[in-house]
Q: 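Encoded as structure tokens, here's the structure I'll be asking about.
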Amino acid sequence: MPVARPELSDSRVIAHVDMDCFYVQVEQRKQQSLRGQPTAVVQYNSWQGGGLIAVSYEARKFGVKRSMRGDEAKQVCPEIHLVQVPVARGKADLNTYRNAGSEVVSILSRRGRCERASIDEVYLDLTIAAEAMLADNPPECLETISEDVVQSHVLGLEEVGSDARENVRHWFTRSDASRRDKLLACGAFIVAELRLQVLEETEFTCSAGIAHNKMLAKLASGMNKPAQQTVVPFSSISKLLRTLPIKKMKQLGGKLGTSLQIDLGVNTVGDLLQFSEEKLQEYYGVNTGSWLWNTARGINGEEVKERLLPNSHGSGKTFPGPRALKTVASVEKWLNELCEELSERLQSDLEQNKRIAHTLTLHAHAYKSNDADSFRKFPSKSCPLRYGTSKIKEDALSLFQAGLREYLGQYNVKISGNQKSGWGITGLSVSASKIAAIPSGTRSIMNYFHNQEETFPQVKLSSEQLIQDAPLLSPSEEDSLESGGHLTLQSLEPWIACREENEETKYSMPLDRQEEDKDTCKEKLPDKETSICSSPGTSSYWF
DNA sequence: CATTCGGTCGAT
DNA sequence: ATCGACCGA
């Protein structure tokens, strides 16, 4: 875990904003009668009532936990409302949650650099905005502070008196505070405003942490939920961390945290203080060692990245136990569903954000029942991503077959597709990564899709989008676009210097592979030479 | 092989 | 390129 610019004197104003049981809130907004009710969102009701994905705070009062299945939740809390995750193409469809997350991000990104950290969390760097507020309109000059701000939790204040509320009000307005504290106070004002805007514009509540770095902001946002915010002044850090269980820290909830407990006897963050940086580096390597040493002191230099959009898209499904896929034909069927969803999301990303993904990756989980060596991992495979649903399907299947051959090993015991083959696929997913903005130059864009899409032209760009990105178009071309409204690439074709080839350069595999499986008739690898990403001299300015 | 379905990042 | 750790609803 490398660290950017770790400094004890860090005076940035960083916030972490976290939606409260987000999936539940999304469902409650869809179905208002669920508001205030014990509610849980459930995925796949077919087995023991399905798994609980998100649990409302009302349901938590009854002892409903996320680790429960639907049936258990009903036992503990018979009146609970179980809402199913939407299903499309036979699998969970998370698009409503993704879109709701985007709504929230568009609000939370108004006041400073914003990093979308997950479907429902962001980090904000509010340093600039807080400095400006401190200069122009500092809290100490305010006559009254809004109720939302006074309701903040400020760590380290509780024990300083009896009236917690008055303490908070005083902390926010004291003129003799350190500059760091004043900056955090301004940050808390800004975050309270943002949270109010989120509530007004989306009906969602969220919680937040305000601190001098990402690590502490994240820690604080979870301390008071729901719909509250927590400030971590510099002076409160050491006391906060001294007794904090090590597993509560982000990045230490897994194996590394366990190793700290078991191997070093470290149970709280404070326990880490006794180890020198060199010692920690001996155990865990240079980067992780330094990161741990800094973490023990509440130091974390990670920058808030500017990122409102995800770096990858994926679509996957598990096939547990007896539902494991046993034939290539059934794998192909499900792969097609997954690819359709992925392709749809890629099209949306293209239209809404003008971004293109460059790599397609297939992941699978498999078992071999006969083999003693049954625990081998099914290898992931990737190839250049060609746009168009059918191309994606084609390439994904090829990647799977390449992976399957490798998985089954060298000599392939003549596995016929429609028989119990000794293997089963328990999980499949396709993902698209290396997503980059389309550079200016519509000619390239059109060429790009022309090259990939001539058999299945499905890409539509609005005329506005095309023109925005089309500095290279001649006026006459713009006219054509404008009158056209929506255009398919087919209709663009006349303007494009047509390229030759684009053949079917699929090469057939060696014969010894071909009879392996009736379902595996099409045996070919994604052709790297014909793929746009790696074909030199074929179109595309940006490759 | 039964928490499902996403995501991010670093190591190699 | 591929894997694995980690996070979270």
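Within every chain, numbering begins at 1; the chains are lettered A, B, ... in the order of the sequence lines, protein sequences first and strands thereafter. What you are looking at is a predicted structure, and each value in this text was computed from that prediction instead of being measured.
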Q: Just N and O in the side chain of A:R345: are any of them under 4.0 Å from OP1 or OP2 of B:dG7?
A: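 So the side chain of A:R345 is within the cut-off, an N or O lying under 4.0 Å from OP1 or OP2 of B:dG7.
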Q: Which residue lies toward the 5' end of DNA chain B, A:N287 or A:Y44, if each is placed at its nearest nucleotide?
A: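 Residue closer to the 5' terminus by nearest nucleotide: A:Y44.
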Q: Mind checking the P distance from C:dG8 to B:dA2? Whole angstroms is fine.
A: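 About 23 Å, rounded to a whole number of Å.
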Q: For residues A:W334 and A:F319, establish whether the separation of their ring centroids is below 6.0 Å.
A: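 When the ring centroids of A:W334 and A:F319 are compared, they turn out to be within the sub-6.0 Å range.
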Q: So does A:W291 get a backbone contact from the side chain of A:T295, meaning a donor-acceptor N/O pair under 3.5 Å?
A: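 Confirmed, A:T295 side chain pairs with A:W291 backbone.
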Q: Distance check needed: B:dG7 P versus A:E115 CD, whole Å only.
A: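 So the two atoms are 16 Å apart, to the nearest Å.
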Q: When the P atoms of C:dG4 and B:dC1 are compared, how many Å lie between them, rounded to an integer?
A: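 Nearest-Å result for B:dC1 against C:dG4 at atom P: 15 Å.
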Q: Tell me which of A:P320 and A:A92 sits closer to the 5' end of DNA chain B, going by the nucleotide each one is nearest to.
A: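 In this pair, the answer is A:P320.
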Q: Taking atom types as modelled, find out whether A:T230 and A:N224 have a side-chain donor-acceptor pair closer than 3.5 angstrom.
A: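 Per modelled atom types, A:T230 and A:N224 side chains form a pair under 3.5 Å.
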Q: What is the distance from CG of A:L52 to C1' of C:dA9, rounded to the nearest Å?
A: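 A:L52 atom CG is separated from C:dA9 atom C1' by 11 Å.
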Q: Hey, does the side chain of A:K377 come within less than 4.0 Å of C:dC3's phosphate (OP1/OP2), counting only N and O?
A: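 For A:K377, the contact criterion (side-chain N or O under 4.0 Å from OP1 or OP2 of C:dC3) is not met.
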Q: Figure out the CZ/C1' separation between A:R66 and C:dG8, and round it to whole Å.
A: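 Rounded to whole Å, this separation is 7 Å.
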Q: Between C:dC7 and A:K250, is there an OP1 or OP2 to side-chain N/O distance shorter than 4.0 Å?
A: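 Answer is no, no contact under 4.0 Å.
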Q: Grab the CG-C1' distance between A:N95 and B:dT4 for me, whole Å please.
A: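 To the nearest whole Å, that distance equals 16 Å.
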Q: A:K65 has an atom NZ; how far is it from atom C1' of C:dG8, in whole Å?
A: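 My rounded result for the distance is 18 Å.
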Q: Does A:K218 place a side-chain N or O at less than 4.0 Å from the phosphate oxygens OP1/OP2 of C:dG8?
A: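 Yes, because at least one side-chain N or O of A:K218 sits under 4.0 Å from OP1 or OP2 of C:dG8.
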Q: Pair A:H153, A:Q229 - check side-chain hydrogen bond (donor to acceptor under 3.5 Å, both in side chains), show working.
A: CA-CA 6 Å; A:H153 301 260; A:Q229 64 183 47; over 6 Å; no
Q: Please state whether the phosphate of B:dC1, meaning OP1 or OP2, lies under 4.0 angstrom from any side-chain nitrogen or oxygen of A:K368.
A: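 Answer is no, no contact under 4.0 Å.
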Q: Which part of the nucleic acid, if any, lies within contact of A:G321, taking any heavy atom under 4.0 Å across all strands shown: a base, the sugar-phosphate backbone alone, or nothing?
A: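 Base contact.
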Q: Within the structure, does a side-chain N or O atom of A:T318 lie under 4.0 Å from either OP1 or OP2 of B:dC5?
A: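 So the side-chain polar atoms of A:T318 do come within 4.0 Å of the phosphate oxygens OP1 or OP2 of B:dC5, strictly under.
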Q: Below 4.0 angstrom from OP1 or OP2 of B:dC5, is there any side-chain N or O of A:R98?
A: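 No, outside the criterion.
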Q: I want to verify a distance call: between C:dA9, B:dT4, C:dA1, whose nearest atom is closest to the A:K434 side chain?
A: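 Nearest nucleotide to the side chain: C:dA1.
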Q: In terms of relative ring orientation, are A:F378 and A:F400 parallel, tilted or perpendicular, with 30° and 60° separating the classes?
A: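 Judged by the thresholds at 30° and 60°, the geometry between A:F378 and A:F400 is parallel.
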Q: Nearest whole Å is fine: how far is B:dA2 P from A:Q43 CD?
A: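 About 14 Å, once rounded to whole Å.
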Q: Please give, in whole Å, the distance from B:dA11 P to A:W291 CH2?
A: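 A:W291 atom CH2 is separated from B:dA11 atom P by 13 Å.
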Q: When you measure from the side-chain N and O atoms of A:S118 to the phosphate of B:dG6, is any distance below 4.0 Å, counting only OP1 and OP2?
A: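 No, because none of the side-chain N or O atoms of A:S118 sits under 4.0 Å from OP1 or OP2 of B:dG6.
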Q: Taking 4.0 Å as the cut-off, does a side-chain nitrogen or oxygen of A:S382 come that near to OP1 or OP2 on C:dT2?
A: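 Looking at the OP1 and OP2 atoms of C:dT2, one of them is under 4.0 Å from a side-chain N or O of A:S382.
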Q: For this output row, return yes or no: ring centroids of A:F22 and A:F204 closer than 6.0 angstrom.
A: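 Between A:F204 and A:F22, which both carry aromatic rings, the centre distance is below 6.0 Å.
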Q: Quickly work out the A:D20 CG to C:dA9 C1' distance and round it to whole Å.
A: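 Result: 12 Å.
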